[in-house]
Amino acid sequence: MTGLTDQNEITSVVSTHVLETPDFPSEGVLFRDFTPLFCDGSAFARVVDLIAEQVTAKGGVDLVAGIEARGFLLCAAIGYKLGAGVVPIRKAGKLPAPTVTESYALEYAEATIEIGPHAVNKGDRVLLVDDVLATGGTMVAAATLMRKLGAEVVDSWVLLEIEALGGAKAMQAADLTFNTAMTV
Ligand SMILES: O=P(O)(O)OC[C@H]1O[C@H](OP(=O)(O)OP(=O)(O)O)[C@H](O)[C@@H]1O
Ligand SMILES: Nc1ncnc2[nH]cnc12
């Protein structure tokens, strides 16, 4: 991989470790699954290291928040690499009360996410991470949860953006920035 810029290297590794399955979970959806990346130890470590370097170069964060379920894998690894805390944002019904809750629509379903009120502190600088940005509903809902608790969402990272589904516009409308390994 010598000679590639860091961003090109992230794109190259991520784009060669994605599995595409048509008509899952419903007809017309091309489902992108990053199990091949997570299963390849050196590829996964390289992507995590390069993302963490970019986060550090922009000033670092206190916490990395990931969204259930696929966001958890990235969140834990990036948080560990940064020496930051990790916040699991759960799907509805997994946490005891009290919780802070947000509902949203995505490409193929509707969902509700929640966190406990003690997961973040006022003023914490938070990075949001997930595998895919599609409509942006999940990321914006996650940011809303963080903001309700007084945390500052300083940036976000995904492995893949599905441009046609409008996630970038939704992020911009919510005053959120994001980085992606690849856009389709
Ligand atoms: O930008 P959006 O339209 O909100 O879509 C992106 C979300 O969709 C997928 O999660 P999903 O809800 O399928 O859950 P999973 O990770 O548990 O499979 C993906 O992991 C993102 O979280
Ligand atoms: N096409 C897709 N593949 C994987 N995750 C998604 N989340 C929303 N749309 C998706």
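All ligand and atom numbering here is 1-based and tracks the order in the structure. Since we're looking at a predicted model, the values are computed, not measured.
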Examine [X] against ligand 1 and note whether any of their N/O atoms are separated by less than 3.5 Å.
X: Ala134; result: yes
X: Asp131; result: yes
X: Gly136; result: yes

What protein heavy atom is closest to [atom], reported as residue, atom name and distance in Å?
atom: atom 4 (C) of ligand 2; result: Arg32 O, 3.2 Å
atom: atom 10 (O) of ligand 1; result: Arg70 NH2, 3.4 Å
atom: atom 13 (O) of ligand 1; result: Tyr108 OH, 2.4 Å
atom: atom 7 (N) of ligand 2; result: Tyr108 OH, 3.3 Å

CD of Glu152: more than 12 outside heavy atoms within 6.0 angstrom?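 Yes, CD of Glu152 has more than 12 neighbouring heavy atoms, counting only those of other groups under 6.0 Å.
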Tell me, yes or no, whether the heavy-atom count around Glu27 atom CD, taken from other residues, nucleotides or ligands under 6.0 Å, exceeds 12.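 No.
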Could you tell me if Thr11 and Asn8 have a donor-acceptor pair between their side chains, going purely by distance under 3.5 Å?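 No donor-acceptor contact under 3.5 Å links the two side chains.
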Distance only, no hydrogens: is a donor on one side chain within 3.5 Å (strictly under) of an acceptor on the other, for Thr180 and Glu161?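 There is no such pair between these side chains.
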Less than 4.0 Å is my threshold; does some heavy atom of Leu106 fall inside it relative to ligand 2?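 Per 4.0 Å heavy-atom rule, Leu106 does not contact ligand 2.
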Between Ile67 and ligand 1, which residue portion shows a heavy-atom distance shorter than 4.0 Å: side chain, backbone, both, or neither?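 The answer is neither.
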Below 4.0 Å, non-hydrogen atoms only: which portion of Asp130 touches ligand 1? Side chain, backbone, both or neither.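 Near ligand 1, Asp130 shows its side chain, while the N, CA, C and O stay back.
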Select one of side chain, backbone, both or neither to describe which atoms of Ile162 lie under 4.0 Å from any atom of ligand 2, heavy atoms only.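 The side chain, only.
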Select one of side chain, backbone, both or neither to describe which atoms of Arg70 lie under 4.0 Å from any atom of ligand 2, heavy atoms only.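 Near ligand 2, Arg70 shows its side chain, while the N, CA, C and O stay back.
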Any heavy atom of Gly71 sitting closer than 4.0 Å to ligand 1?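 For ligand 1, residue contact (heavy atoms, under 4.0 Å) with Gly71 is absent.
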Does even one non-hydrogen atom of Met139 get within less than 4.0 Å of ligand 1?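 Met139 does not count as a contact of ligand 1 under the 4.0 Å cut-off.
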For the residue pair Phe31 and Tyr108, categorise the inter-ring angle as parallel (less than 30°), tilted (30 to 60°) or perpendicular (more than 60°).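 If you compare the ring of Phe31 with that of Tyr108, the planes turn out tilted.
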Counting heavy atoms only, name the option from Val132, Ile113, Val140, Thr135 that's nearest to atom 6 (C) of ligand 1.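 Residue with the shortest heavy-atom distance to the ligand atom: Val132.
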Val140 side chain near Leu176 side chain, heavy-atom distance below 4.5 Å: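 Yes - at least one pair of side-chain heavy atoms lies under 4.5 Å apart.
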Contact atoms of ligand 1, heavy-atom distance to Glu68 under 4.0 Å: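 By the 4.0 Å cutoff, the relevant atoms are 16 (O), 17 (O).
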